[in-house]
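For reference, the structure is listed below as structure tokens.
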Amino acid sequence: LGLVGVLIDSNVAAAFSVSGAGCPAGTYTAPAAVSWMAGSTCSITTGSPQGGPDTRWVFSRWSDGSTANPRAIVAAPGAVYTLVWSVEYRLTRTVSGQGSISGADGFYPSGSSVSLTATPAADYQFDGWTGGGGGSSNPLTVRMDGPATVTANFALTPSLPDVSSLQPLTGSG
């Protein structure tokens with residue numbers, strides 16, 4: 001029995017590990033060519049999610065449709081197994097002034113839309129959005145094409161004079 005070469009590919013540079021008898025145990029970054037003893041069953045495991053603080057990759061499936069993680073593979077010569085990942089971006093909501101924003105901070109799938117509604121506190125009024133979603137539309141729809149920070153701005157409602165104490169103007173002129 002000889003060695004069998006296998007390519008573990010991926011649509012992003014993602015880490016995976018190999019384990020099992022006759023397998024090249026260790027951690028690799030896809031794409032990576034690994035060789036193991038013919039007839040050996042190796043276990044391929046990937047951690048999910050992976051990435052940084054604002055963009056991450058979530059394991060979705062293998063290119064052949066399998067969602068197994070870990071996945072047991074008995075390699076055929078020249079076999080290619082591809083990890084398929086979905087991308088998610090972080091949404092951060094902030095408030096300037098007194099009020100609140102609906103929704104939740106966190107990760108959302110790339111290309112998805114998130115609806116946010118600004119609600120002013122008593123004696124405040126909504127004064128527009130800044131950051132990843134500018135303008136004054138309320139609610140605001142944010143398309144998650146990258147990490148986004150959205151700020152809802154609230155201003156004190158202008159106070160009106162107490163008209164009960166006003167005197168009419170008199171005189172000529």
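Nearest approach of Val142 to Ala148, heavy atoms of both residues: CG1-CB, 4.3 Å. Taking each heavy atom of Pro24 and Trp36 in turn, the nearest pair found is CD-CB, 3.4 Å. Nearest heavy atom pair, residue Ser100 against residue Val95, reads CA-CG2, 4.3 Å. What you find for Leu3 and Met37 is that their closest heavy atoms are CD2-SD, 3.6 Å. Scanning all heavy atoms of the two residues, the minimum distance from Phe16 to Ile8 falls at CZ-CB, 3.5 Å. The shortest heavy-atom contact between Leu83 and Phe59 is CD2-CE1, 3.5 Å.
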(message) For Trp129 and Leu140: C-alpha separation, side-chain torsions, deciding distance, then whether side chain to side chain contact (heavy atoms under 4.5 Å, CB included) applies.
(response) CA-CA 8 Å; Trp129 302 96; Leu140 172 72; 3.6 Å; yes
(request) Assess whether side chain to side chain contact (heavy atoms under 4.5 Å, CB included) is satisfied between Trp85 and Ser48, documenting all intermediate values. (result) CA-CA 9 Å; Trp85 301 82; Ser48 181; 4.2 Å; yes
(message) The test is side-chain hydrogen bond (donor to acceptor under 3.5 Å, both in side chains); show your working for Thr94 and Thr151 and say whether it passes.
(response) CA-CA 5 Å; Thr94 63; Thr151 302; 2.5 Å; yes
Listed pairs under 3.5 Å, donor-acceptor, residues 62-81 side chains, sequence neighbours left out:
from	atom 1	to	atom 2	distance (Å)
Trp62	NE1	Ala68	O	2.9
Asp64	OD1	Ser66	N	3.1
Asp64	OD1	Arg71	NH1	3.2
Asp64	OD2	Arg71	NH1	3.2
Asp64	OD2	Arg71	NH2	2.6
Ser66	OG	Ala68	N	3.2
Asn69	OD1	Thr46	N	2.9
Asn69	ND2	Thr46	O	2.8

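Going from atom CZ of Arg61 over to atom OG of Ser86 covers 10.0 Å, rounded to the nearest 0.5 Å. Remark: Thr149 OG1 to Arg93 CZ distance equals 11.5 Å, nearest 0.5 Å. In this structure, Thr55 OG1 and Phe107 CZ are separated by 7.5 Å, a value rounded to the nearest 0.5 Å. The line from CG of Asp9 to OG1 of Thr82 is 4.5 Å long, rounded to the nearest 0.5 Å. With rounding to the nearest 0.5 angstrom, the CD atom of Glu88 is 8.5 Å from the OG atom of Ser112. Note that the CZ atom of Phe126 and the CD1 atom of Ile101 stand 8.5 Å from one another [nearest 0.5 Å].
Hydrophobic clustering of Ile, Leu, Val, Met, Phe, Trp and Tyr side chains at less than 4.5 Å, counting indirect connections, keeps Val84 apart from Tyr28.
Within the 3.5 Å criterion, the main-chain N or O of Ala118 finds a donor-acceptor partner in the side chain of Asn138. Gln50 places no side-chain N or O within 3.5 Å of a backbone atom of Val58 that could act as its donor or acceptor partner. Between the Ser10 side chain and the Val12 main chain, a donor and an acceptor come within less than 3.5 Å of each other. Between the side chain of Thr29 and the backbone N or O of Ala13, no donor-acceptor pair lies under 3.5 Å. Looking at Asn153, its side chain does come within 3.5 Å of a backbone N or O of Gly128 through a donor-acceptor pair.
A donor atom on one side chain and an acceptor atom on the other are not found under 3.5 Å apart for Ser110 and Asp145. Looking only at atom types and distance, the side chain of Thr141 has no donor-acceptor partner in the side chain of Ser115 under 3.5 Å away.
Scored by the side chain to side chain donor-acceptor pair (under 3.5 Å) test, Ser43 finds no partners at all (sequence neighbours excluded).
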